[in-house]
Amino acid sequence: QNRIRIIQLTQLNLKYMSNETKDTIEQIIDKVGISGICLLISEICNEKAQHVRENWQDENLARDWNHDARVIDKITGKLYN
């Protein structure tokens with residue numbers, strides 16, 4: 001239930017993303033490719049998990065960030081299999 005709500009909120013946020021932000025993301029994709037962007041997102045998710053553990057002591061949120069990193073890693077693997 002929570003994941004579905006998060007996805008809905010994310011889709012709503014993307015709807016209102018500025019063209020400048022979209023252009024910036026497109027430029028990054030052009031430089032590093034989809035797999036590079038996925039690996040970067042995975043790394044960021046893991047770093048956020050570590051930050052949450054160290055600064056907020058919120059293990060549930062940290063696990064969510066680590067889970068998101070694993071999902072992105074699986075997606076990245078499927079891009080080339």
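Note: hydrogens, waters and symmetry copies are ignored here, and every other heavy atom, side chains too, is used. Along the sequence shown, residues carry numbers from 1.
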Output the distance between atom [atom1] ([X]) and atom [atom2] ([Y]), rounded to the nearest 0.5 Å.
| X | Y | atom1 | atom2 | answer |
| --- | --- | --- | --- | --- |
| N46 | K48 | CG | NZ | 12.0 Å |
| K74 | K78 | NZ | NZ | 7.5 Å |
| S42 | D73 | OG | CG | 3.5 Å |
| I28 | I25 | CD1 | CD1 | 7.0 Å |
| I29 | C38 | CD1 | SG | 8.5 Å |

_Working note: E47 + H51, criterion side chain to side chain contact (heavy atoms under 4.5 Å, CB included); need CA distance, chi angles, decisive distance, verdict._
CA-CA 6 Å; E47 289 171 357; H51 175 79; over 6 Å; no
If you count the non-hydrogen atoms of other residues, nucleotides and ligands that lie under 6.0 Å from [atom1] in [X], is the total more than 12?
| X | atom1 | value |
| --- | --- | --- |
| K22 | NZ | yes |
| Y16 | OH | no |
| Q57 | CD | yes |

*asked:* Which residue is it: N60, N66, D64, L61? I am looking for the one with a side-chain contact (heavy atoms from CB on, under 4.5 Å) to V52.
replied: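 Of N60, N66, D64, L61, side-chain contact (heavy atoms from CB on, under 4.5 Å) with V52 is met by L61 alone.
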_So if I apply the side-chain contact (heavy atoms from CB on, under 4.5 Å) rule between T76 and each of V71, I41, L39, which one comes out positive?_
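Going through the options one by one, the only one that passes is L39.
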*Compare every heavy atom of A49 with every heavy atom of W65, then report the nearest pair and how far apart it is.*
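For W65 versus A49, the nearest heavy atoms are CB-CB, 3.7 Å.
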*Which pair of heavy atoms, one from R53 and one from R63, lies closest together, and at what distance?*
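Shortest heavy-atom contact: NH2-N, 4.1 Å.
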*Beyond-backbone contact of L40 with V32, side-chain heavy atoms, under 4.5 angstrom*: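 Heavy-atom side-chain distance check fails, nothing below 4.5 Å.
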*Is T24 reaching over with its side chain to a backbone N or O of E20, donor-acceptor style, under 3.5 angstrom?*
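Checking the backbone N and O of E20 against the side chain of T24, a donor-acceptor pair under 3.5 Å is found.
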*Would you say the side-chain atoms of S18 and T21 include a donor-acceptor pair closer than 3.5 Å?*
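A pair is found: one side chain offers a donor N or O, the other an acceptor, under 3.5 Å apart.
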